[in-house]
J.: 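Supplied in structure tokens, the structure appears directly below.
Just follow the structure's listing: the first ligand is 1, and inside any ligand the first atom is 1. Residue numbers run from 1 in the order of the sequence given.
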Amino acid sequence: METGEGPQYNKTAPDGIAGRRVSAVDGTAKLLFKFNDGAPAESVTLFNKGRASACLSSQSGCACGCRFCATGALGFRRDLTAAEITAQFEACRREAGGKLSSVVFMGMGEPFLNWENVKRAILVLSEQKGFNFPQSKMTVSTIGIVPGIKELAASGLKVKLAVSLVTSDAGQRAGLAPMDKKYPLPEVLAAAREYCRLSRNSVFFEYVLFDGLNDSPRCAGKLAALVEGIDCKINLIPYNRSAASEFLPSGEARAKEFQKVLIGAGVRTYLRREKGSDILAACGQLAAAK
Ligand code: SF4
């Protein structure tokens, strides 16, 4: 969670954007938007081996209340319009010097709780006379909104799906991500399986590694068993600590051990190197702090 002592934005931001910060470590650029009514949202442009990706927000704040997420601690302000989402795309594209390789709806908010506007933005971005950006290079990330996953699966859109599993322990998940009470893990996994079948895409599962909480080899074994038979890739994300957080990130050795168990079980697993954490732009750190 981010506190009022969070990042100070510099004053050189272009018109229409309330603030801009660039990581001195890896060049990650975080933009703060203040829309007409003052609703804030952030987007992030990340660079990796000559490629750039944009992480866009779908809502100002978020109602899902995940305990480990700075956006969740903000609460919900409102849905973003399709125009506000595409405005973020344009700004990130400028940051990337005109070229973006991929887009993820993984910033502030839960995309499936604002699906009409997110879908409209996807169509505008991919439309030939719009931004002509391929749907196959876009990923929608969800905490596990089952009707949203089903709708995407049936939509014919070519965008990819990422589902944040958070933990492999069904009992523990509801405590970390309250949405689990409405959409329990087995239902989320069943919807993901159906998405793979209908879309003929694989699904990305995101798993945040918290020290001592969900990062044991036993948890890894449990995770491998959960995703068995699903055409998936797992992204392991060492938790990004924010100032007031009650959680700690897993150490590198422990994260690698976790990955090894999954790979040993035949699951394609990637250990993500987080970017932008020095400017609170990494996963779960977006809090629109001034
Ligand atoms: S992790 Fe995603 S769904 Fe959960 S509170 Fe944060 S933005 Fe919302």
J.: Ring centroids only, cut at 6.0 angstrom: are Phe35 and Phe33 within range, meaning strictly under it?
T.: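 Ring-ring flag for Phe35/Phe33: true, centres closer than 6.0 Å.
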J.: Do Glu110 and Thr142 have a side chain donor and acceptor closer than 3.5 Å?
T.: yes
J.: Please determine if atom 4 (Fe) of ligand 1 has an N/O/S atom from Cys69 lying under 2.8 Å away.
T.: no
J.: State the atoms of ligand 1, each with its element, that fall below the 4.0 Å cut-off from a heavy-atom position in Cys64.
T.: 3 (S), 8 (Fe)
J.: Any chance the rings of Phe247 and Phe210 have centres within less than 6.0 Å?
T.: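 Centroid separation for Phe247 and Phe210: below 6.0 Å.
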J.: Under 4.0 Å from a heavy atom of Gly109: which atoms of ligand 1 are those, numbered in the order shown and with their elements?
T.: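 Under 4.0 Å from Gly109, ligand 1 has these atoms: 7 (S).
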J.: If we ignore angles and hydrogens, is there a donor and acceptor under 3.5 Å between the side chains of Thr269 and Gln259?
T.: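 The answer is no; no qualifying pair exists.
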J.: Using a strict cut-off of 4.0 Å, indicate which atoms of ligand 1 neighbour a heavy atom of Gly72.
T.: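 Per the distance check, 5 (S).
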